[in-house]
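All values reported here derive from a predicted model rather than from experimental measurement.
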Amino acid sequence: MPKKIAILHTSFVFVSVEPVINDLIAELVPDAEVIHFVDSDVLATVNREQGISPESEARMKHLAQAAEAAGADIIFSACSSLGPAVTAAAQSVRTPVVKIDEAMALRAAGEGARIGVLATVPTTLGPTSDLIEAKAAEIGRSVTLERRLCEGAFSALMSGDRDKHDAIVVEQAADLADKVDLIVLAQASMSRLAGVLQEKTHLTVLSSPRIGVEYLARRVAELPA
């Protein structure tokens with residue numbers, strides 16, 4: 001019996017703009033049934049309010065609860081900006097919840113000492129940085145974070161201008177490179193650029209989709225038959 005994976009989305013990026021998550025699940029968990037739950041306004045709300053309000057947290061809980069009601073065996077959150085809200089949502093359901101950036105944060109904490117966190121949405125910088133620091137504390141490592149926002153990149157992507165998005169991210173990564181020994185791409189929507197950035201900066205560049213879906217695949221394999 002195929003396992004049912006519910007993906008929680010906070011924008012249409014991974015539904016209609018970037019197919020990377022669907023492609024990776026098809027590759028790494030090919031027998032799974034995938035269902036999508038989208039609140040296309042909650043990320044915009046968090047950005048507008050510059051933080052996660054109780055109302056936005058409640059919206060993530062509703063998404064998780066809808067996924068559980070639909071019979072999901074496991075829930076995969078595709079959004080890094082609402083990490084704390086996803087933590088709260090996970091406590092409101094019995095179905096296991098996996099964050100897209102959880103495994104990436106652990107790897108970054110284990111491999112880097114001076115870690116650059118590159119984001120295209122301002123509200124992602126804090127949650128991603130906090131997650132890396134939490135994972136570092138779990139494994140007893142001390143890390144220093146350098147946060148960098150790629151202003152204007154996400155709005156360019158959402159308007160269909162990938163070239164402008166990519167140019168902004170590449171410029172910021174190049175500027176960050178001499179200050180850190182590892183770069184984390186805070187949003188999965190930046191993942192296409194990981195190889196290019198690694199080549200330009202000569203640093204390890206981590207992005208969440210593949211690492212996150214590999215972790216998801218391991219969790220799916222551990223589910224009871």
Next item on the list: Could you list who else is in Ile168's hydrophobic cluster, with ILVMFWY side chains joined at under 4.5 Å, directly or through other members?
Entry: none
Check: Tell me, do Ser191 and Ser208 make a side-chain contact under 4.5 Å, heavy atoms counted?
Finding: no
Margin query: I need the full list of side-chain hydrogen bond (donor to acceptor under 3.5 Å, both in side chains) pairs touching residues 121-136, with sequence neighbours left out, sorted by first then second residue.
Written below: Asn47-Thr123, Ser81-Thr124, Thr124-Gln187, Ser129-Arg147
Item checked: Closest approach of Ser80 to Ala186 (non-hydrogen atoms, all atoms of both residues) -> OG-O, 3.1 Å
Checklist line | ILVMFWY clustering at 4.5 Å (side-chain atoms), partners of Val180 | finding: Leu118, Val169, Val170, Leu176, Ile183, Leu185, Met190, Leu193, Val196, Leu197, Leu203, Val205
Notebook entry, point to check: Where do Gly112 and Asp181 come nearest, in terms of heavy atoms and distance?
Noted result: CA-OD1, 3.7 Å
Next item on the list: To the nearest 0.5 Å, tell me how far Glu102 CD sits from Thr87 OG1.
Entry: 8.5 Å
Notebook entry, point to check: Can Ile25 be reached from Ile100 by stepping across I, L, V, M, F, W or Y side chains whose heavy atoms are under 4.5 Å apart?
Noted result: yes
Check: For the hydrophobic clusters of this structure (ILVMFWY residues joined by side-chain heavy atoms under 4.5 Å, transitively), does one cluster hold both Val98 and Ile211?
Finding: no
Notebook entry, point to check: Does Ile35 offer a backbone N or O that forms a donor-acceptor pair with the side chain of Lys4 under 3.5 Å?
Noted result: no
Margin query: Using every non-hydrogen atom in the two residues, find where Val184 and Ala108 come nearest and quote the distance to one decimal.
Written below: CG2-CB, 3.6 Å
Item checked: Partner residues of Glu27 under the salt bridge (Lys or Arg N to Asp or Glu O under 4.0 Å) criterion, sequence neighbours left out -> Arg210
Margin query: I need the minimum non-hydrogen distance between Arg219 and Pro96, along with the two atoms involved.
Written below: NH2-CB, 3.6 Å
Check: In chain order, what residues pass the salt bridge (Lys or Arg N to Asp or Glu O under 4.0 Å) check against Asp41, with sequence neighbours excluded?
Finding: Arg59
Notebook entry, point to check: Would you find a donor on one side and an acceptor on the other, under 3.5 Å apart, between the side chain of Glu68 and the backbone of Thr95?
Noted result: yes
Note to self: Restricting to non-hydrogen atoms, name the atom on Met60 and the atom on Ala85 that form the minimum distance, rounded to 0.1 Å.
What the structure shows: CG-CB, 3.8 Å
Notebook entry, point to check: Is it true that Val86 and Ile75 fall in one hydrophobic cluster, defined by side-chain heavy atoms closer than 4.5 Å?
Noted result: yes
Check: Does one hydrophobic cluster hold both Val121 and Val46, with members joined at side-chain heavy-atom distances below 4.5 Å?
Finding: yes
Next item on the list: Check the pair Glu49, Glu55 against side-chain contact (heavy atoms from CB on, under 4.5 Å), reporting the backbone distance first and the verdict last.
Entry: CA-CA 11 Å; Glu49 296 176 348; Glu55 291 76 17; 5.8 Å; no
Checklist line | Distance (rounded to the nearest 0.5 Å) between Phe76 CZ and His9 NE2 | finding: 9.5 Å
Margin query: Please determine whether salt bridge (charged side-chain N to carboxylate O under 4.0 Å, His left out) holds for the pair Lys61 and Glu57, giving the CA-CA distance in whole Å, both sets of side-chain angles, and the decisive distance to 0.1 Å.
Written below: CA-CA 6 Å; Lys61 288 181 179 179; Glu57 181 178 297; 3.7 Å; yes
Item checked: Between CG on residue Leu63 and CD1 on residue Ile7, distance to nearest 0.5 Å -> 12.5 Å
Next item on the list: Supply the atom-to-atom distance Thr120 OG1 to Arg148 CZ, rounded to the nearest 0.5 angstrom.
Entry: 14.5 Å
Item checked: Distance (rounded to the nearest 0.5 Å) between Leu157 CG and Lys164 NZ -> 12.0 Å
Check: So which residues get pulled into Met1's cluster when ILVMFWY side chains under 4.5 Å apart are joined, directly or through others?
Finding: none
Checklist line | Point-to-point distance, once rounded to the nearest 0.5 Å, from CG of Leu82 to CD1 of Ile52 | finding: 4.5 Å
Next item on the list: State whether the side chain of Arg114 and the backbone N or O of Lys179 hold a donor-acceptor pair below 3.5 Å, judged by distance alone.
Entry: yes
Note to self: For a quick test of reading the model, state the closest non-hydrogen atom pair linking Leu131 to Ala105 and the distance between them.
What the structure shows: CG-CB, 3.6 Å
Note to self: Are Ile139 and Met104 linked, directly or through intermediate hydrophobic residues, by side-chain heavy-atom contacts shorter than 4.5 Å (ILVMFWY only)?
What the structure shows: no
Item checked: CD/Gln50: more than 12 non-hydrogen atoms of other groups inside 6.0 Å -> yes
